[in-house]
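Taking it in order: structure first as C-alpha cells, then the write-up.
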Amino acid sequence: MARKVVDLASERQALDVLMLDLSPVALFADYFVIMGAESRRHMQALREGLVEDLKNIGASPRYVEGTAVSGWLRWVA
C-alpha cells in the first residue's frame, strides 16, 4: 500500500516523495510516506486525488487530519 501511495503521489507531481520503513523500529506504523506540495491548492489537490485514487482500488483512509490551510495533512490507512 505504501508503495502504491508513493507511485500515485509521484503521478500527481508531489514534491520530494519519501517512504520510510518503520517496521523494524516502531509498533504504531509500518511505513510513513512523506511528500511536499508547491502551494495550499496543490496540497488540497493531492489530498483529494490520493483519497479518490485509493478508494478506486478498494482502500480508504481511516481518517484524515489537518487542512491545506494549516500547512499539513495526516492520512491514516
Side-chain angles (χ1 to χ4, degrees):
M1 178 66 69
R3 170 56 42 207
K4 186 66 175 172
V5 170
V6 168
D7 293 342
L8 292 169
S10 294
E11 288 172 15
R12 292 186 173 275
Q13 287 86 40
L15 304 175
D16 302 322
V17 181
L18 175 67
M19 182 175 73
L20 300 174
D21 181 358
L22 300 180
S23 59
V25 296
L27 297 174
F28 61 89
D30 292 329
Y31 296 94
F32 274 3
V33 178
I34 302 168
M35 66 191 81
E38 293 181 13
S39 64
R40 290 178 180 161
R41 186 177 208 169
H42 186 209
M43 185 183 299
Q44 186 64 29
L46 283 170
R47 177 191 185 276
E48 292 170 2
L50 289 171
V51 168
E52 186 64 30
D53 290 343
L54 290 168
K55 282 183 181 178
N56 289 337
I57 62 169
S60 60
R62 290 186 198 163
Y63 62 91
V64 178
E65 287 184 287
T67 65
V69 173
S70 70
W72 66 275
L73 295 168
R74 184 173 85 152
W75 182 66
V76 178

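The analysis underlying the following values was restricted to heavy atoms, covering all of them including side chains, and did not include hydrogens, waters or symmetry mates.
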D53 and E11: CA distance, side-chain angles, deciding distance, side-chain contact (heavy atoms from CB on, under 4.5 Å) verdict: CA-CA 11 Å; D53 290 343; E11 288 172 15; 5.6 Å; no

Exam field: side chain E48 to backbone L46, donor-acceptor pair closer than 3.5 Å: no

Non-hydrogen atoms of H42 and R12 that approach each other most closely: NE2-O, 3.4 Å

What pair of heavy atoms forms the shortest contact from A14 to M35, and how long is it? CB-SD, 3.7 Å

Please answer: with hydrophobic residues joined when any side-chain heavy atoms are less than 4.5 Å apart, are [X] and [Y] in the same cluster?
X	Y	result
M1	F28	no
V33	L18	no
V17	V64	yes

Test question: given the 4.5 Å side-chain rule for I, L, V, M, F, W and Y, name all other residues clustered with M43, or answer none. L73

Is it true that atom CD1 of I57 has more than 12 heavy atoms of other residues, nucleotides or ligands lying nearer than 6.0 Å? yes

Give a yes or no on whether N56 atom CG has more than 12 heavy-atom contacts from other residues, nucleotides or ligands under 6.0 Å away. yes

Sequence neighbours left out, what passes side chain to side chain donor-acceptor pair (under 3.5 Å) with E38? Give chain and number order. none

Quick check for you: to the nearest 0.5 Å, what is the distance between [X] atom [atom1] and [Y] atom [atom2]?
X	Y	atom1	atom2	answer
T67	W72	OG1	CH2	8.0 Å
L20	I34	CG	CD1	4.5 Å
L27	L22	CG	CG	11.0 Å

For R3, give me all partners under side-chain contact (heavy atoms from CB on, under 4.5 Å), at least two apart in sequence or on another chain. V6, D7, M19

